[in-house]
Colleague: 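After the structure tokens below, expect a handful of questions from me.
Reckoned from all heavy atoms, side chains included, excluding hydrogens, waters and symmetry mates. Here, residue 1 is the first one in the sequence, and each next residue gets the next number. Both ligands and their constituent atoms are indexed starting at 1 by order of listing.
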Amino acid sequence: MSHALIVIDVQLDFCPGGALAVPDGDGIIAGINALMPQADAVVLTQDWHPAGHSSFATSHKGHAPYDVIDMDYGPQVLWPHHCVQGADGARFHPDLQSDGADLILRKGYNPAIDSYSAFFENDHKTPTGLEGYLRSRGIEKLTLVGLAFDFCVNYSALDAAKLEFDVTVREDLCRAIDLDGSRDAARQAMQNAGVRLETVHG
Ligand code: VGL
Ligand code: ZN
């Protein structure tokens, strides 16, 4: 059974010093690099928003970062400006071995819809194309790592499970934003969906 490593959003804006820094976000990079040679395929995702994206608080008058609003497709957390196409903060962390990637998948480029998941935008309908890529390469088993555990990793893992991939999240190679208990909620949701949460002590 072919196996892919899916590395979610290890970008400068999600690391310490970045616009939407995840605590210790860069602490997982060495461990991720070490997993790359063991995978049949390595996919890196890159959060990639146009300026003025609808997920940015500044695009909604009277709203502040971390407010939650109702969009056509459901509730949406508003974020600080982050991962703007072409900006430094959107680049991969320089320590991430991006040369090891078979595919770099960008997401969140649609101005009107956010895309946490690597498989579908936040309307849960618009595909990114990743499913087709993996299936046409004969991949059935996925290991997910990266940032943030409770948002993009969580959404990606839930979609992957729904698509009937065999999904493991290496929790030790993820870090969480943890907004209002979102970390525990994400763990629960992934467990309920049949996602394997694994921590390797090394
Ligand atoms: C993410 C919030 C906004 C993530 C991306 O990668 O988890 N979180 N955009
Ligand atoms: Zn984003």
Colleague: Checking Asn110 against Glu121: is there a side-chain donor and acceptor pair closer than 3.5 Å?
Modeller: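 Yes, a side-chain donor-acceptor pair sits under 3.5 Å.
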Colleague: Are Lys162 and Glu131 close enough for a salt bridge, meaning some N to O gap below 4.0 Å?
Modeller: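 Salt bridge flag = no for Glu131 with Lys162.
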Colleague: May I ask you to determine how many protein N/O/S atoms are under 2.8 Å from the Zn ion (ligand 2)?
Modeller: 3
Colleague: Is a side-chain donor-acceptor pair under 3.5 Å present for Thr58 with His81?
Modeller: yes
Colleague: Pair His49, Phe56 - check ring pair (Phe, Tyr, Trp, His ring centres under 6.0 Å), show working.
Modeller: CA-CA 9 Å; His49 300 308; Phe56 297 166; 5.6 Å; yes
Colleague: Can Asp102 and Arg137 be counted as an ion pair, charged N to O under 4.0 angstrom?
Modeller: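 Arg137 and Asp102: salt-bridged.
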Colleague: Taking all non-hydrogen atoms of both residues, which atom of Gln76 and which atom of Ser55 are closest, and how far apart?
Modeller: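 Result for this residue pair: NE2-CB, 3.8 Å.
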Colleague: Kindly print each ligand 1 N/O atom paired with any protein N/O atom under 3.5 angstrom away, one pair per line, or none if nothing qualifies.
Modeller:
residue, atom, partner, partner atom, Å
ligand 1, 6 (O), Asp9, OD2, 2.7
ligand 1, 6 (O), Leu147, O, 3.3
ligand 1, 7 (O), Ala148, N, 3.0
ligand 1, 7 (O), Cys152, N, 3.1
ligand 1, 9 (N), Asp47, OD2, 3.1
ligand 1, 9 (N), His82, NE2, 3.1

Colleague: Does a side chain donor of either His124 or Asn122 reach within less than 3.5 Å of an acceptor in the other side chain?
Modeller: no
Colleague: Is the NZ or CZ atom of Arg135 positioned over Phe165's six-membered ring, under 6.0 angstrom from the centre and within 45° of the axis?
Modeller: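 Judged by the rule (NZ or CZ under 6.0 Å from the ring centre, within 45° of its axis), Arg135 counts as positioned above Phe165.
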Colleague: When you measure from the centre of the six-membered ring of Phe149, is the NZ or CZ of Arg175 closer than 6.0 Å and no more than 45° off the axis?
Modeller: no
